[in-house]
Amino acid sequence: MKEYITMRDMNFVVCYDFMRLLKNIPSDWNIEHKDELIKESNFIYSHLIRDVSDETQSWVMGKVFIKPNEIKKSHFDLAESKNENFIIGVDDEGESIYENCGETDGNHFKVTYFKKEVLNKYYNEPNKYQVDGFSVDSKFFRLKIDNNVDEYIPVFLTNLRMLPEMEQLHWKQYNITPKEGMNISRTYYRTMIEGEWAEQPETVDLFFKSKYESFNKKWKDKFGWKLYKPLSSKDEYLFTALHKITSNNVKAFCEQTSTIVKLTIDRLNEKELAKGLHLDSKARGIAKFEKFLESKGMQIPDMFQFLRNSHWRSFATSANFNLEHNRSVCNAITISLFIHSLQIGIKKN
């Protein structure tokens, strides 16, 4: 806020007004009536204590003035801002080599690596941040990253200087020493270095979201309506926040599983699927979907057997279920659903 009002040459005023009325005041409180005004260089307030009918009133009302910084500077002033050191390699003694992300000479293609957990902060606040295969975006910064590797996040060292100091410190705590074989992804190299058209995402969460949107478009082009209805406005953040979990966290796994269920089952366009079909009155989304495909001469029993499996919703919360296995299952499910879906979308009737 201080940075904002500094750049706008503005003062910021906080106004407050608090009142309390009590009937029975304990005698040991030693309340005395008053009507005073307190004033300093950056604040002013009045405090009134009096009787009102059969109650005692305490009323505080005032303002606080917040002035801009004397020096006009923001975190976008790269030459002035403080930059952190990050690990870019290992020396002959096995010690980590650090370099400052603000040093640009010869550092543009030096890569530093981070744990995937560094992105949890941004996934957990989808209203503030957008994460895709190539960047983390907010209203205040855009950091280019390679989010196409399953185990870690590569970032070109000098890209980190675009972050405010506090954000650099957040990334620094997840900085890891590079190991043999670690590198940027093929997708990132071809897209961001060679300038080719973006390829298919390489991580399962980004692949899922890419195929979900493109398949829904292909379905609409073929049938005139979307198979998956849009999320409601209050649930739109779920798609943005959907990601492959990065640790043995039951809460995170349950949330992501619930989102996939909502996207692939709960948002089925049942009204359109049921048109022209003779259905049992108890038929719901999955049954309508299956009947619709059968009416088009398509049968995919394995997919519908899976969708009907009640463990889809229940195994995520089972205390005895191994979470590492859960993550593998979730990843396999994500891919298999859309492999089936793509087969449906391209099949000619």
Once rounded to the nearest 0.5 Å, what's the spacing between atom CG of Leu21 and atom NZ of Lys23? 10.5 Å
Donor-acceptor pair, side chain of Ser258 and main chain of Cys254, under 3.5 angstrom: no
Report yes or no: does Lys288 contribute a side-chain atom to a donor-acceptor pair with the main-chain N or O of Asn269 at less than 3.5 Å? no
Criterion side chain to side chain contact (heavy atoms under 4.5 Å, CB included) on Val52 and Trp59, from CA distance to verdict: CA-CA 12 Å; Val52 178; Trp59 189 1; over 6 Å; no
For residues Val149 and Glu151, determine if any side-chain heavy atom of one lies less than 4.5 Å from a side-chain heavy atom of the other. yes
Donor-acceptor pair, distance only, cut-off 3.5 Å: does the side chain of Gln256 make one with the backbone of His243? yes
Evaluate the side-chain proximity of Lys296 to Phe223: yes if any heavy-atom separation is below 4.5 Å, no if none is. yes
Walk me through whether Ile44 and Phe65 qualify under side chain to side chain contact (heavy atoms under 4.5 Å, CB included). CA-CA 9 Å; Ile44 181 171; Phe65 300 90; 4.2 Å; yes
Tell me, yes or no, whether the heavy-atom count around Tyr16 atom OH, taken from other residues, nucleotides or ligands under 6.0 Å, exceeds 12. yes
Is there a donor-acceptor pair under 3.5 Å between the side chain of Lys209 and the backbone N or O of Leu242? yes
Determine, using the 4.5 Å side-chain heavy-atom cutoff (strictly less than), whether Ile38 and Phe18 are members of one ILVMFWY cluster. yes
About how many Å separate CZ of Phe215 and NZ of Lys222, when rounded to the nearest 0.5 Å? 10.5 Å
Are any side-chain N or O atoms of Tyr152 and backbone N or O atoms of Asn183, one a donor and one an acceptor, separated by less than 3.5 Å? yes
Shortest non-hydrogen contact from Leu268 to Thr264? CG-O, 3.8 Å
Taking NE2 in His278 as the centre, count heavy atoms belonging to other residues, nucleotides or ligands within less than 6.0 Å. Is the count above 12? no
In Arg142, Lys128, Lys144, the residue satisfying side chain to side chain donor-acceptor pair (under 3.5 Å) with Asp137 is Arg142
On a heavy-atom basis, which atom in Asn159 and which in Leu143 lie closest, and how many Å separate them? O-CD1, 3.4 Å
Is any NZ, NE, NH1 or NH2 atom of the basic residue among Arg50 and Asp35 found under 4.0 Å from an Asp or Glu carboxylate oxygen of the other? no
Hey, would you say the Phe141 and Trp171 ring centroids sit under 6.0 Å apart? no
Verdict with reasoning, Glu36 to Lys34, per salt bridge (Lys or Arg N to Asp or Glu O under 4.0 Å): CA-CA 6 Å; Glu36 59 182 359; Lys34 66 169 66 175; 3.2 Å; yes
Taking side chain as C-beta onward, heavy atoms only, is Phe208 less than 4.5 Å from Lys244? no
Sidechain-backbone polar pair: Ser210 side chain, Leu206 backbone, donor-acceptor under 3.5 Å: no
Where do Asn11 and Lys67 come nearest, in terms of heavy atoms and distance? OD1-CA, 3.6 Å
Tyr212 side chain to Tyr228 main-chain N or O, any donor-acceptor pair under 3.5 Å? no
Around Tyr174, counting heavy atoms of other residues, nucleotides and ligands shown, do more than 12 lie under 6.0 Å from its OH? yes
Does the Asp146 side chain pair with the main chain of Pro154, one donor and one acceptor, at a distance under 3.5 Å? no
Within a reach of under 6.0 Å around CG of Asn24, are more than 12 heavy atoms found that belong to other residues, nucleotides or ligands? no
Flag if over 12 foreign heavy atoms under 6.0 Å of NZ, Lys229: yes
Side-chain heavy atoms under 4.5 angstrom apart, residues restricted to Ile, Leu, Val, Met, Phe, Trp, Tyr: same cluster for Ile5 and Val64? yes
Closest heavy-atom pair and its distance - Thr112, Phe86: OG1-CB, 3.8 Å
Using the rule that two of Ile, Leu, Val, Met, Phe, Trp, Tyr join whenever any of their side-chain heavy atoms come within less than 4.5 Å, decide whether Ile49 and Val60 are in one cluster. no
Taking the six-membered ring for Trp, are the ring centroids of Tyr122 and His170 within less than 6.0 Å of each other? yes
Contact check, side chains of Phe109 and Ile193, non-hydrogen atoms, under 4.5 Å: yes
More than 12 heavy atoms of other residues, nucleotides or ligands under 6.0 Å from CG of Asp28: is that the case? yes
Within the structure provided, determine whether Leu231 and Leu263 are in side-chain contact (heavy-atom separation under 4.5 Å). yes
Quick check: do His47 and Ser58 have side-chain heavy atoms less than 4.5 Å from each other? yes
Ignoring hydrogens, what is the shortest heavy-atom contact between Gly133 and Asn148? Give both atom names and the distance. O-ND2, 2.9 Å
Would you say Asn147's side chain and Asp132's backbone share a donor-acceptor pair under 3.5 angstrom? yes
Which value, rounded to the nearest 0.5 Å, describes the distance between Ile88 atom CD1 and Cys101 atom SG? 12.5 Å
Tyr45, Met19: one ILVMFWY side-chain cluster at the under-4.5 Å cut-off? no
In this structure, CD1 of Ile260 is separated from CG of Asp266 (nearest 0.5 Å) by 12.5 Å
Would you indicate whether the side-chain heavy atoms of Ile153 and Lys116 approach each other to under 4.5 Å? yes
Working to the nearest 0.5 Å, report the span between OH of Tyr237 and CG of Asp235. 6.0 Å
Go through the steps for Ile265 and Phe289 under the test side chain to side chain contact (heavy atoms under 4.5 Å, CB included), then give the verdict. CA-CA 10 Å; Ile265 299 177; Phe289 189 16; over 6 Å; no
Indicate whether the side chain of Lys172 and that of Asn85 have a donor and an acceptor atom separated by less than 3.5 Å. no
Could you walk me through whether Tyr129 and Lys121 pass the side chain to side chain contact (heavy atoms under 4.5 Å, CB included) test, one step at a time? CA-CA 9 Å; Tyr129 306 101; Lys121 168 184 176 178; 4.0 Å; yes
Would you indicate whether the side-chain heavy atoms of Asn216 and Leu227 approach each other to under 4.5 Å? yes
Shortest non-hydrogen contact between Tyr123 and Thr240, atoms and distance: CD2-O, 4.2 Å
Would a hydrophobic clustering, with Ile, Leu, Val, Met, Phe, Trp and Tyr connected at side-chain separations under 4.5 Å, put Phe12 with Phe43? yes
Separation between NZ of Lys226 and CD of Glu213, rounded to the nearest 0.5 Å: 9.0 Å
Side chain to side chain donor-acceptor pair (under 3.5 Å) partner of Asn83, the single match among Gln168, Glu103, Arg161: Gln168
